[in-house]
Number of protein chains: 2
Amino acid sequence: MISEIDPRGLIAKSLSEHSQLDVFDTEALGRLKARTKTFESGSYVFREGLSFSDYVFVISGYLFRQKQTSDGYRQIVSFTIPGDIVNPENRFVNNLDYNVVCAEKSSIAYVQKSEFELLIDSHPSIRLAVDLRTTAESRQLREWLLNIGGRSAKTRVAHFLNEFAARTKLRGLSDGLHFSLPMSQEQIGDSVGITPVHVNRAIRSFVESGLISHTNRKYEIVDINGFRQVGQFSEKFLLVSNFPQ
Amino acid sequence: MISEIDPRGLIAKSLSEHSQLDVFDTEALGRLKARTKTFESGSYVFREGLSFSDYVFVISGYLFRQKQTSDGYRQIVSFTIPGDIVNPENRFVNNLDYNVVCAEKSSIAYVQKSEFELLIDSHPSIRLAVDLRTTAESRQLREWLLNIGGRSAKTRVAHFLNEFAARTKLRGLSDGLHFSLPMSQEQIGDSVGITPVHVNRAIRSFVESGLISHTNRKYEIVDINGFRQVGQFSEKFLLVSNFPQ
DNA sequence: CGGTATTTTGAGCAGTGTCAAAGACGGTGG
DNA sequence: CCACCGTCTTTGACACTGCTCAAAATACCG
């Protein structure tokens, strides 16, 4: 099941989302020594505040970054897809301000801090690629802020589903119209700031109006233009434009 | 009024918030050649998507970074205080995904891209400081996401006011208890995702319960512990810990 | 196959939003 | 220096989105 995914290619693909990598860069990425580990659904890959030193790449599976209020509400602040770096801030700090939890059984690769940073230092375009990924993630945070702060419950859910479709397509993990989303409706709710009951009503309304179809956790976007419109979704925020202008 | 603020010292102070700068770093920062410009309240310093090339520092005044939905809602995604870099992503991209607007009359310093990057390249601790500021800003975005997604209207407003107090204190711009907040209640609402009417009710309730006092746009936090508790506020997220652990 | 977690649905309610108007403030021009 | 005007704050009444509680139906897992 996982075997069809090429970890090294995925990471290179992730890093070349916003700028070019050449063959030497890609090969160097392929030579990284990684220790891989599998986590069950729901298990914590990182705990907030604990220090670490390795870089962590997602090989397969989807993970959440999440924070909590003092009265127990859990807010999902982003999710990773295969190829993403879980802790890019590892270059600058040695702990995280969020927890990282698996949405499903996931496979994770650990790369030593020194080894990855040596790679970055010797390959300027890999360094740029990592920096651009970080910039892109900041943009995603701001878009989520706009989504949660400024849109209705239904629109938020549609935006979230559109984002998942777009990101997996960009990474070559789906065709952008058919995908299985390994998240409960409660987790979707915690991502967009509404209750699971309301997530359900939103999704059902999309199905009823013929925008998507949905069974178990498989989604098909039937009317992509209509669905994007409902979610006020534009994939512009997923793409950062690189120099030169 | 502005004359009591030392721009160069402020920028150094901003950059040394999360790591150490030595005298040589500070002096080098002081030698930066800057072109300064004054903007009126409400004017745009940057427009989303437009390309630029200079680094922009805030000398005095408060600015918003803001985005809009397609149906016109405006979400403020962060605000800057004097000493901040408005566009730190200038190192990697040449345009912004948000607009930058003055909350009040503000003074801005432009530093040439090449000059600032030369400085970064020759001063590793300045480079680290900039990277740490960027990391800190990502943390702030995630905290805002938690605030908007997971807390009640009153709690959000209290959290926002606490954050303003804490950040200005950290930068040496207030004592953390008395401050004038140059934002309308509508702008506060757009920051935390509620209507201005509701912001007003929240603030009034804080006044009535003796947590703060408030006239015009001057605030005094009377019961700091109580007010932090109401806002579920901890300033941990403002501080990133530097290596070594 | 049984037990558990998730999805789905309903009914009632609470927190926020909407609309509207009055009061306060601050800036401007005469 | 004052009167005016526009913007912001404050307040009230009411509507509605989204939440709570609860229970049934369905899917998942060992």
Side-chain angles (χ1 to χ4, degrees), chain A residues 40-43 69 71-75 101-105 147-161 180-208 212-219 230, chain B residues 1 40-43 62 64 69 71-76 101-105 147-161 180-208 212-219 230:
Chain A
E40 291 304 313
S41 171
S43 54
T69 62
D71 60 357
Y73 173 81
R74 179 261 308 260
Q75 175 70 39
V101 181
C102 298
E104 62 178 340
K105 189 172 179 178
N147 196 36
I148 295 183
R151 299 201 254 245
S152 74
K154 271 161 81 164
T155 307
R156 293 185 209 179
V157 174
H159 189 280
F160 181 89
L161 295 176
S180 78
L181 206 174
M183 304 172 192
S184 69
Q185 296 181 356
E186 182 171 19
Q187 290 167 326
I188 297 176
D190 286 348
S191 301
V192 301
I194 65 178
T195 56
V197 174
H198 223 70
V199 172
N200 187 277
R201 296 195 224 271
I203 291 178
R204 299 239 46 252
S205 87
F206 302 146
V207 173
E208 276 163 26
I212 65 174
S213 72
H214 165 241
T215 41
N216 302 354
R217 289 175 182 180
K218 314 272 178 201
Y219 293 79
V230 167
Chain B
M1 183 173 299
E40 291 305 313
S41 171
S43 55
Y62 296 83
F64 294 122
T69 61
D71 59 357
Y73 174 80
R74 178 261 309 259
Q75 174 70 40
I76 291 171
V101 181
C102 297
E104 61 178 340
K105 190 173 179 179
N147 196 35
I148 295 183
R151 300 202 253 245
S152 74
K154 270 160 83 163
T155 308
R156 293 185 210 179
V157 173
H159 190 280
F160 181 88
L161 294 176
S180 77
L181 207 174
M183 304 173 193
S184 68
Q185 294 180 357
E186 182 172 20
Q187 290 168 327
I188 297 176
D190 286 347
S191 300
V192 302
I194 65 178
T195 55
V197 174
H198 223 70
V199 172
N200 187 277
R201 295 196 224 273
I203 291 177
R204 300 239 45 252
S205 87
F206 302 146
V207 173
E208 276 163 26
I212 67 175
S213 72
H214 164 241
T215 41
N216 301 354
R217 291 175 181 180
K218 315 271 179 201
Y219 293 80
V230 167

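Quick caveat, the model's predicted, so the values are computed rather than measured.
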Angle separating the five-pair end axes of the helix from C:dC1-D:dG30 to C:dG30-D:dC1, nearest 10°, is 60°
A:E208 atom CD is separated from C:dT8 atom P, nearest whole Å, by 11 Å
Quick note, salt bridge (Lys or Arg N to Asp or Glu O under 4.0 Å) partners involving residues 184-202 of chain B, not counting sequence neighbours, are B:R74-B:D190
Here the distance between atom P of C:dT8 and atom CZ of A:F206, to the nearest Å, is 13 Å
When rounded to whole Å, the NZ to C1' distance for the pair B:K105 and C:dG27 reads 13 Å
| query | Judged by atom type as modelled, is there a donor-acceptor pair below 3.5 Å linking the side chain of B:R156 to the main-chain atoms of B:I148? | reply | yes
A:E40 meets the salt bridge (Lys or Arg N to Asp or Glu O under 4.0 Å) criterion, sequence neighbours left out, with none
Counting primed atoms, P, OP1 and OP2 as sugar-phosphate and everything else as base, the B/S/- map of nucleotides 12-26 of chain C against protein heavy atoms under 4.0 Å is ----BSBB-----SS
To the nearest angstrom, the CD-C1' distance between A:E104 and C:dA5 comes to 17 Å
Sorted by chain and number, sequence neighbours left out, salt bridge (Lys or Arg N to Asp or Glu O under 4.0 Å) with B:R204 holds for B:E208
Residues passing the ring pair (Phe, Tyr, Trp, His ring centres under 6.0 Å) test with B:Y62, sequence neighbours excluded, are B:F164
Ring pair (Phe, Tyr, Trp, His ring centres under 6.0 Å) pairs touching residues 180-202 of chain A, sequence neighbours excluded, are none
Sorted by chain and residue number, the side chain to side chain donor-acceptor pair (under 3.5 Å) partners of A:S41 (sequence neighbours excluded) come out as none
Here the gap from B:N147 atom CG to B:S152 atom OG, rounded to the nearest 0.5 Å, amounts to 9.5 Å
Separation of D:dT20 atom C1' from A:Y73 atom OH, nearest Å, is 15 Å
Residues passing the side chain to side chain donor-acceptor pair (under 3.5 Å) test with A:D71, sequence neighbours excluded, are A:T69, B:Q232
The side chain to side chain donor-acceptor pair (under 3.5 Å) partners of B:S43 (sequence neighbours excluded) come to none
From CD of A:E40 across to C1' of D:dC28 the rounded distance in Å is 15 Å
- Query: Looking only at side-chain N and O atoms, does B:N200 come under 4.0 Å of OP1 or OP2 in D:dT10?
  - Reply: yes
Within residues 180-189 of chain A, the residues having a heavy atom closer than 4.0 Å to DNA chain C are A:S184, A:Q185
Residue set satisfying side chain to side chain donor-acceptor pair (under 3.5 Å) with A:E104, at least two apart, ordered chain then number -> none
